[in-house]
Undergrad: 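Please see the structure below; I have some questions.
Letters A, B, ... are given to chains in the order of the sequence lines, protein chains preceding strands, and every chain is numbered from 1.
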Amino acid sequence: MINLQELTKDYGTVVAVNKLNLSVSAGEIYGFIGPNGAGKTTTIRMMGGILAPTSGKIIIGGLDMAQKPAEAKKLIGFIPDRPFLYEKLTGMEFLQFSADLYNVKRDTFLEKAQKLLQQFDLLDWADELVEAYSHGMKQRLIIASALLHDPQILIIDEPMVGLDPSAVRLVKDILKELAAHQTTVFISTHTLSIAEDLCHRIGLIHKGTLSAQGTLDELKHIANLGEAGLEEVFLTIIKENTFI
Amino acid sequence: MNNTFLLLRPRLISAINSMRPRNGKHNWPRFFMYGSLGFVFWTGTFIIFYRVLFYFQSIQDFGNILAMKLISMLIIIFFTLLLFSNIINCLSHLYLSQDLPLLHSLPVSSENIFSSRWIISTFDSSWMIVAFSFPVFLSYGLIYKTGFSFYLTFPVTIVFMCLITSALSSILVLFGAKILPAGRIRTIIIVLGVFMTLLLILVLRLIRPEQLVNPDSFASVVLYLNSMQTPDSPLLPTTWITDIIKASLNGEIKNCLFNIALTGTCAFMLIFISNMIARLIYFDGFSKSQTTSKRLFAPVKYKGYNWESLLSFLPRESKAFAVREIRTFFRDSAQWPQLFLIIALIGIYLYNFSVLPLDNLPIKAVYLQNLFSFLNIGLAAFVLTAIVARFVFPSVSREGEAFWIVQAAPVSLKKFLWIKFFLYYVPLIILVEFLVVVSNLLLRVSPFMMFLSTITLFCLVPAVVGMAVGLGAVYADFKSENPAQAATSFGGLLFMVLCFCLISTVVILEAGPVYSIFMADLRGQGISLLQLTWSVISFVFAFLLCLLAIFYPIYLGEKKLRIR
C-alpha cells in the first residue's frame with residue numbers, strides 16, 4: 001500500500017531524508033522511530049503530500065503522489081504531530097468541512113460524525129469553537145476527522161502526544177481494529193513502548209537514512225541483543241549507525 | 001532593573017537577526033522599498049505643511065492664529081492616536097503575546113515582565129508618530145525662523161507625550177484586564193474606536209467643507225476664527241504640550257521651561273503609578289487572560305443548513321472552502337472594524353458624488369461630468385485595491401498553522417487558490433460595479449462612458465483579486481500572530497505598488513482613445529481609421545494586461561506553495 005523509492009529531501013543546508021526505500025503492505029502497522037532530527041516528520045510530511053520531495057517516488061495505493069496527488073490523498077487519513085486547526089470553526093463544522101473535501105456520503109455523514117465524536121468523547125463539545133478545546137481535545141478531533149472517510153492508509157505523526165491514558169488506549173484499540181480490517185497504518189513515534197505494543201514492523205531512521213527495519217525480534221537479532229527491549233535495540237542501532 | 005533589560009534582549013537580538021540575509025538572500029530590496037516609501041511620505045508631509053504654513057503667514061492677523069490652532073489640533077490628534085495605539089499594543093504585549101506563558105514561568109518578577117513589555121509597547125506604539133511628527137515640526141521651525149532651542153525642545157516634548165500616553169494606557173489596560181479577559185477588551189476597544197472614527201469622518205463630511213468657498217458663509221468663518229483664540233483647559237497635558245511648542249516658536253524661554261517641567265513630571269509620575277498598579281494587579285489580569293472567554297454570541301446548534309444550504313449549488317470541495325472561509329472570517333472579531341470602515345468608505349464615496357454642484361458649473365458640464373466619470377474608473381479601482389489589500393491579500397496567510405489541512409486534502413493547490421479567487425471575486429465585482437454605476441448615474445454621464453466604466457472595471461476587478469491571491473500565496477506567512485498585518489508587509493506593499501502600476505497603465509492606455517471617441521461624438525463627427533486602430537490596440541493591450549495579472553500571480557503563488 002505504501003512504497004517509498006529512493007525518497008530524498010534536501011533542504012539546501014541539510015539532507016533531511018536520504019534515498020529512503022521502504023514498503024508497507026495492507027493491514028500492516030509500521031512504526032517509524034528515530035532520534036530527534038532523524039527525518040521522521042519530513043518523511044511523514046512527504047508521504048502526506050504536504051512537502052514535495054527533492055527526488056524519489058512515493059507510491060500510495062498504487063498511485064504516484066507526484067502524478068496524482070489528489071487521488072492518492074483521498075486514500076490517506078493524515079494526523080500531524082501538532083493539532084493546528086481552524087480555531088473559529090466548531091468541532092462539527094470542521095468534520096463537515098473534512099467530509100466535503102473527502103467526499104464522504106452526505107446521507108451517512110451526520111451519523112458517522114456523531115459516532116466518532118461520541119467515541120472520542122467530544123459530542124458535548126460538537127458545537128463549541130475549536131479555540132475553546134484543550135490540546136488533547138484538538139488532537140482527538142483531528143483523529144476523528146482523519147477516520148471520517150474510512151481511509152485505506154493512516155499516516156500518523158506522534159499519535160499519542162497530548163492524549164490522556166484512556167484516549168491512548170482508545171486510539172491503540174482503534175488502530176489495531178483498523179489494521180485487522182486491512183487498513184495500513186504508518187506511525188512515527190518517540191514512544192518506544194507504543195511501537196513495541198502496536199507495530200508489526202519497525203523501521204529505524206537515523207540521519208535521514210533507514211538504519212534498520214523488521215519485527216521486534218528481527219531488530220533484536222540485528223542488534224545482537226537477546227531479550228532486550230526496544231529501547232536497548234534503539235540505542236544500539238543508533239550508536240552503530242547502520243545495520244542495513 | 002537588570003532583569004527588565006535582560007527580558008528586552010530577545011527582542012533586540014531578534015531585530016538584529018531579522019536584518020541578516022536568510023538562505024543567502026539579502027534584505028536590501030525590502031529595506032530599499034520601505035525606506036523609499038517612508039522617504040516619500042516624510043518628504044510629502046514636510047512639503048504640504050511647509051506650503052500650508054507659508055500660505056498662513058501671508059494672511060494678515062489670522063495667519064498666526066490659524067498656525068497656532070493647527071498645532072493645537074495636531075497635538076490633540078497625535079495624543080489621541082498615541083493613546084489608542086498604546087492601548088491596543090499594551091493589551092497585546094502585556095496579556096496576549098504567545099511568549100508570555102514562557103516569560104511568566106521564568107524566575108523573574110511579574111513587575112519586571114510588565115516593565116520590559118511596557119517599554120516594547122511604548123516603542124511600537126510611538127515610533128511612527130514620532131517619525132512623522134518631525135517634518136511637521138521642522139516646517140514650523142523653518143517658517144517661524146526659530147533658534148536652535150526649538151529643535152531641542154520639540155523632540156523632548158514628543159518623547160514626554162509618548163510616555164504620558166503609554167503610562168495612561170497601561171493604567172487603563174491594567175484595570176480593564178482585572179475586570180474582563182484581555183481578548184474581550186481588545187474587541188470592545190477596537191469596535192468602539194472604529195465607531196468613533198466613523199462618526200468623526202461622517203461629521204466632518206456632513207459639515208460640507210466645500211461650502212467654505214461660498215462668500216455668503218464668510219461671516220460665520222470670522223466668528224469661528226474668533227472662537228479659536230479661546231484658551232484650552234490648563235489641566236490637560238495636551239495644553240502643556242501645545243504651550244511648550246508655542247512658547248518655543250515665539251522664543252518665550254521661561255514659559256517653555258515651565259511647561260516642559262509640568263509635562264515631564266506628569267510623565268514620570270504616571271510611569272511610577274502604573275508600575276505600582278502593575279505590582280498589585282498585573283499577574284491577576286494575566287492569569288484571567290489565560291482562560292478562554294465565552295463567545296460574544298451564543299453558539300448556533302448544528303442544524304445541517306445555513307451557509308451550507310445557501311451555497312449548495314457549488315461543487316462540494318468549493319463549497320467546503322467557501323463555507324469555512326465565510327465562517328472563520330465573520331467570527332474573527334478583528335475583521336469587524338474593517339467591515340464597518342468599508343461601509344463608511346462606500347457611503348462617503350457615493351455621498352461625494354451626490355453633492356457635486358453639477359448644475360452651477362462655469363465649465364461645460366457634459367465634458368466635466370464625463371471627465372469625472374473617466375477618473376472615477378481609476379478611483380474605484382484604487383478603492384478596490386485598498387479593500388483587496390486588507391481582506392484578500394492576507395487570505396492565504398490567514399490559513400495559519402492549519403495550512404497542513406489544505407496540503408493534506410485531496411485538492412490541488414491550484415484549485416485551492418482559484419476557489420479563494422472566486423470567493424472574493426464575486427462579492428467584489430458586485431460591490432465595484434454597484435459603486436461605479438451609482439456614481440455614474442449621479443454624474444449623469446453618457447451611455448458610452450457608462451459602458452466603458454463597467455467594462456474596464458469588469459476586467460480590472462479580477463486582475464486585482466488575482467494579484468492579491470497570487471502574491472498573497474507567494475508572500476504567505478503562516479506563522480504570523482496577526483495575519484492581517486500581511487497587508488503592510490513587503491509582499492503587501494509590493495502588491496499595492498503593482499496594482500497602482502496596473503491601474504495607471506490601463507487608465508493611461510484608455511485615456512487617449514476615449515478622448516478621441518468622446519470628442520468626435522461631441523462634435524458629431526466620426527473617428528478616423530488611425531484613431532480606430534489606435535483605440536483597438538490600446539483596448540486589446542489593456543485587456544491582455546488584465547489577463548496576465550489574473551493568471552500569472554496565481555501560477556507563481558501555486559508554485560511557491562508547492563515547494564514550501
Undergrad: Please find out if less than 6.0 Å separates the ring center of B:Phe403 from that of A:Phe84.
TA: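 Judged by ring-centre distance (under 6.0 Å), B:Phe403 and A:Phe84 do not meet the cut-off.
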
Undergrad: Which pair of non-hydrogen atoms, one from A:Tyr102 and one from B:Ala409, has the smallest distance, and what is that distance?
TA: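 What the structure gives for the nearest pair is OH-CA, 3.7 Å.
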
Undergrad: Quick one, B:Ile405 and A:Phe94 - any side-chain contact, counting heavy atoms below 4.5 Å?
TA: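 Yes, their side chains come closer than 4.5 Å.
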
Undergrad: Non-hydrogen atoms of chain B under 4.5 Å away: do they reach the side chain of A:Ile142, the backbone, both or neither?
TA: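 Only the side chain of A:Ile142 comes within 4.5 Å of chain B.
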
Undergrad: Where do B:Ala320 and A:Leu101 come nearest, in terms of heavy atoms and distance?
TA: CB-CD2, 4.2 Å

Undergrad: Quick check: under 4.5 Å, non-hydrogen atoms only, which of residues 60-69 of chain A neighbour chain B?
TA: none

Undergrad: So, are B:Arg331 and A:Glu93 salt-bridged, with charged N and O less than 4.0 Å apart?
TA: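 Counted as a salt bridge, because a side-chain N and a carboxylate O are separated by less than 4.0 Å.
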
Undergrad: Look at A:Pro83, A:Ala126, A:Ala99, A:Ser145 and state which one has the largest set of heavy-atom pairs under 4.5 Å with chain B.
TA: A:Ala99

Undergrad: Can you tell me if B:Lys414 has over 12 outside heavy atoms packed within less than 6.0 Å of its NZ?
TA: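 Atom NZ in B:Lys414 is not crowded, with 12 or fewer foreign heavy atoms closer than 6.0 Å.
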
Undergrad: Taking all non-hydrogen atoms of both residues into account, name the closest pair between B:Pro410 and A:Ala70 and its distance.
TA: CB-O, 3.2 Å

Undergrad: Donor-acceptor pair, B:Lys319 side chain versus A:Phe97 backbone, under 3.5 Å?
TA: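 Side chain of B:Lys319 to backbone of A:Phe97: no pair is present.
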
Undergrad: In chain order, what residues pass the salt bridge (Lys or Arg N to Asp or Glu O under 4.0 Å) check against B:Arg316, with sequence neighbours excluded?
TA: A:Asp100

Undergrad: Kindly write out the residues that satisfy salt bridge (Lys or Arg N to Asp or Glu O under 4.0 Å) with A:Glu158, not counting sequence neighbours, or none if the list is empty.
TA: none

Undergrad: Measuring from B:Gln407:CD to A:Lys73:NZ, what's the distance to the nearest 0.5 Å?
TA: 7.5 Å

Undergrad: Based on non-hydrogen pairs under 4.5 Å, which of A:Ile76, A:Val104, A:Leu75, A:Leu85 is most in contact with chain B?
TA: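 Among the listed options, the one with the most contacts to chain B is A:Val104.
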
Undergrad: Give every donor-acceptor pair under 3.5 Å between a side-chain atom in residues 35-54 of chain A and any protein atom, sequence neighbours left out.
TA:
{"residue": "A:Asn36", "atom": "OD1", "partner": "A:His190", "partner atom": "NE2", "Å": "2.9"}
{"residue": "A:Lys40", "atom": "NZ", "partner": "A:Gly34", "partner atom": "O", "Å": "2.8"}
{"residue": "A:Lys40", "atom": "NZ", "partner": "A:Pro35", "partner atom": "O", "Å": "3.2"}
{"residue": "A:Lys40", "atom": "NZ", "partner": "A:His190", "partner atom": "NE2", "Å": "3.3"}
{"residue": "A:Thr41", "atom": "OG1", "partner": "A:Asp157", "partner atom": "OD2", "Å": "3.0"}
{"residue": "A:Thr42", "atom": "OG1", "partner": "A:Tyr11", "partner atom": "OH", "Å": "3.4"}
{"residue": "A:Thr43", "atom": "OG1", "partner": "A:Gly39", "partner atom": "O", "Å": "2.6"}
{"residue": "A:Thr54", "atom": "OG1", "partner": "A:Asp10", "partner atom": "N", "Å": "2.7"}

Undergrad: Any idea which of B:Phe329, B:Phe330, B:Trp404 has the most non-hydrogen atom pairs under 4.5 angstrom with chain A?
TA: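 Most heavy-atom pairs within the cutoff with chain A belong to B:Trp404.
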
